[in-house]
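Taking it in order: structure first as structure tokens, then the write-up.
Remember, it's 1-based here, ligands and their atoms both numbered in the order they're listed. We use all heavy atoms of the structure for the numbers below, so side chains are in, but hydrogens, waters and symmetry mates are not.
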Amino acid sequence: MLFKGILLSNQPSFSANVQTIERALLDEHAAAGNLLVKLDYSTINYKDGLALTNKSPVVRKWPMVPGIDGAGVVEESTDPAFPVGSSVILNGFGVGETHWGCLAGYARLKSEWLVPMPKQMDTKTAMAIGTAGYTAMLCVLALERAGLRPDQGEVLVTGAAGGVGSVAVSLLATRGYQVIASTGRASTADYLKQLGATDLLDRSTLATPGKPLQKERWAAVVDTVGSTTLANALAQCKYGASIAACGLAGGMDLPTTVAPFILRNVRLLGVDSVMAPLSLRQEAWQCLSESLDRTHLATMTSEISLDDCIDAGAKIIAGEVRGRLLVDLNRQ
Ligand code: NDP
């Protein structure tokens with residue numbers, strides 16, 4: 001059996017190519033996977049961009065098929081919980097980093113990594129959401145578990161026009177929150193308002209170092225940017241507010257002080273999607289299937305083919321992608 005996929009190599013130097021892959025090669029490099037999944041759709045997330053451009057060491061085994069997200073149908077199985085014909089979702093677990101990933105027609109995956117497709121969802125919708133959307137859901141769940149309610153005031157979303165940001169804006173607005181969308185792209189104003197943002201904030205206002213404690217504004221924050229942006233967001237939190245921190249689009253550092261924590265009781269909640277336990281994943285996907293506005297999702301999604309992915313990877317790292325990129329693996 002032959003199928004089309006992207007192959008990353010580091011010999012003699014880094015290369016990324018769309019090519020035909022033999023089943024035997026998949027069996028050799030993804031032997032740990034006990035299911036063969038025929039993939040319908042994948043996505044391009046920020047991390048896929050890093051892998052496709054080799055901008056940071058996301059790939060830790062070579063050669064590698066990238067793609068941290070996939071949705072498709074099981075074709076071969078050794079696990080009765082996922083019989084042939086089951087529709088499944090894969091996010092993270094090192095797939096596309098240390099195990100052959102989903103930017104290809106087929107993947108061999110471990111059944112313990114998979115989420116069964118929720119009833120009201122299909123493979124296309126699941127991948128329009130992808131890791132970005134599932135992470136946005138994890139952020140909203142984390143904030144609500146910390147006590148956030150719509151009457152507490154404005155919620156800030158940083159990197160709002162990106163994938164995680166767009167889904168976070170939509171989810172929060174649908175749940176009745178007043179959402180302030182921080183973006184560096186003024187051209188996305190109408191788009192973000194369509195997704196439910198009440199108002200916009202120019203991201204430059206959060207990008208320069210500020211005082212450890214600033215005027216209290218946010219009841220909560222979903223932060224995808226990190227660095228000085230997160231430090232300023234912390235400094236602007238209301239007493240008792242929480243921040244769900246999931247990203248580093250602006251940098252890995254965090255130049256802050258303990259003042260927001262010890263003087264305003266601010267809580268910083270880390271959010272990781274890659275190794276999140278299955279029960280939390282299932283809860284997040286169930287919530288997404290029940291409550292993510294599908295009109296918003298259509299507005300934020302652009303569909304591309306496997307051949308477009310390498311360019312798309314460079315664009316997402318350059319901050320040029322709006323919303324979500326859905327990869328139709330069957331599109332020529
Ligand atoms: P996107 O590229 O789609 O979105 C990132 C957004 O951040 C951009 O659209 C832009 O928004 C903003 N941005 C980009 N560069 C800068 C900068 N230098 N300073 C300030 N803002 C910037 O990526 P994703 O939404 O897929 O991912 C967002 C982040 O979340 C990434 O860092 C990613 O690694 C992380 N992530 C983490 C996960 C986890 O498990 N913790 C899972 C998924 C993602 P705008 O144009 O609106 O300003």
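The single protein non-hydrogen atom nearest to atom 11 (O) of ligand 1 is Gly159 CA, 3.4 Å, given as residue, atom name and distance. Atom 13 (N) of ligand 1 has as its closest protein heavy atom Arg203 NH1, 3.3 Å. Nearest protein neighbour of atom 44 (C) of ligand 1, counting heavy atoms only, is Val164 CG2, 3.8 Å. Annotation: atom 2 (O) of ligand 1 to nearest protein heavy atom, Ile316 CG1, 3.3 Å. At the top of the distance list for atom 23 (O) of ligand 1, counting protein heavy atoms only, stands Tyr46 CB, 3.5 Å. Nearest to atom 29 (C) of ligand 1 among the protein's heavy atoms is Thr224 O, 3.5 Å. The protein atom (non-hydrogen) at minimum distance from atom 45 (P) of ligand 1 is Thr183 OG1, 3.3 Å. For atom 18 (N) of ligand 1, the closest heavy atom belonging to the protein is Ala249 O, 3.6 Å.
How far CD1 of Ile317 is from CD1 of Ile44: 10.0 Å, rounded to the nearest 0.5 Å. Taking OG of Ser166 as the start and CZ of Arg322 as the end, the distance is 8.0 Å to the nearest 0.5 Å. Note: Gln19 CD to Leu7 CG = 4.5 Å, rounded to the nearest 0.5 Å.
Nearest heavy-atom pair across Met127 and Leu90 is CE-O, 4.4 Å. Of all the heavy atoms in Tyr239 and Glu216, the pair that sits closest is N-OE1, 2.9 Å. Residue Gly226 comes nearest to Asp223 through the heavy atom pair N-OD2, 2.8 Å, listed as atom of the first residue, atom of the second, then distance. In this structure, Leu172 and Val222 approach most closely via the heavy-atom pair CD1-CG2, 4.1 Å.
Residue-to-ligand polar distances keep Thr135 apart from ligand 1: every N/O pair is separated by 3.5 Å or more. The N/O atoms of Val225, backbone and side chain alike, include none that comes under 3.5 Å of an N/O atom in ligand 1. Of the polar atoms of Ser273, at least one N or O is found under 3.5 Å from an N or O of ligand 1, judged by distance alone. For ligand 1, the polar-atom distance check finds no N/O of Gly319 at less than 3.5 Å from any of the ligand's N/O atoms. Residue contacts with ligand 1: Cys246 is placed with a nitrogen or oxygen under 3.5 Å of a nitrogen or oxygen of the ligand (distance criterion only). Remark: ligand 1 and Gly323 share no N or O pair separated by less than 3.5 Å (distance only, no angle test). The shortest N or O to N or O distance between Ala161 and ligand 1 is under 3.5 Å. Among the atoms of Ala132, none of the N or O lies under 3.5 angstrom from an N or O of ligand 1.
Classification of Arg23 and Glu75 as a salt-bridged pair fails, no side-chain N sitting under 4.0 Å from a carboxylate O. Note on Asp40 versus Lys124: no salt bridge recorded, every NZ/NE/NH1/NH2 to OD/OE distance being 4.0 Å or above. Using a cut-off of 4.0 Å between Lys/Arg side-chain N and Asp/Glu carboxylate O, Asp311 and Lys315 are scored as not salt-bridged.
Arg281 forms a cation-pi arrangement with Phe93, by the criterion of a distance under 6.0 Å to the ring centre and an angle within 45° of the ring axis.
Of the N and O atoms on the side chains of Asn34 and Ser111, at least one donor lies less than 3.5 Å from an acceptor on the other residue. Side-chain contact annotation: Ser42 with Asp69, donor-acceptor N/O pair under 3.5 Å absent. If you check the side chains of Tyr106 and Glu76, you find no donor sitting under 3.5 Å from an acceptor.
Close approach of ligand 1 to Gly163 is summarised as follows: ligand atoms under 4.0 Å from at least one heavy atom of the residue are 1 (P), 3 (O), 4 (O), 25 (O). Counting the atoms of ligand 1 from 1 in the order shown, those under 4.0 Å from a heavy atom of Gly247 are 29 (C), 30 (O), 32 (O), 35 (C). Residue-ligand proximity, Val271 to ligand 1, at heavy-atom distances under 4.0 Å covers atoms 39 (C), 41 (N). Within the listing of ligand 1, atoms 17 (C), 18 (N), 19 (N) sit less than 4.0 angstrom from a heavy atom of Gly250. Within the listing of ligand 1, atoms 42 (C), 43 (C) sit less than 4.0 angstrom from a heavy atom of Thr131.
Of the candidates Lys47, Lys315, Arg185, Arg322, Arg185 brings a heavy atom nearest to atom 9 (O) of ligand 1.
The shortest separation from a heavy atom of Thr229 to ligand 1 is not under 4.0 Å, leaving the residue out of contact.
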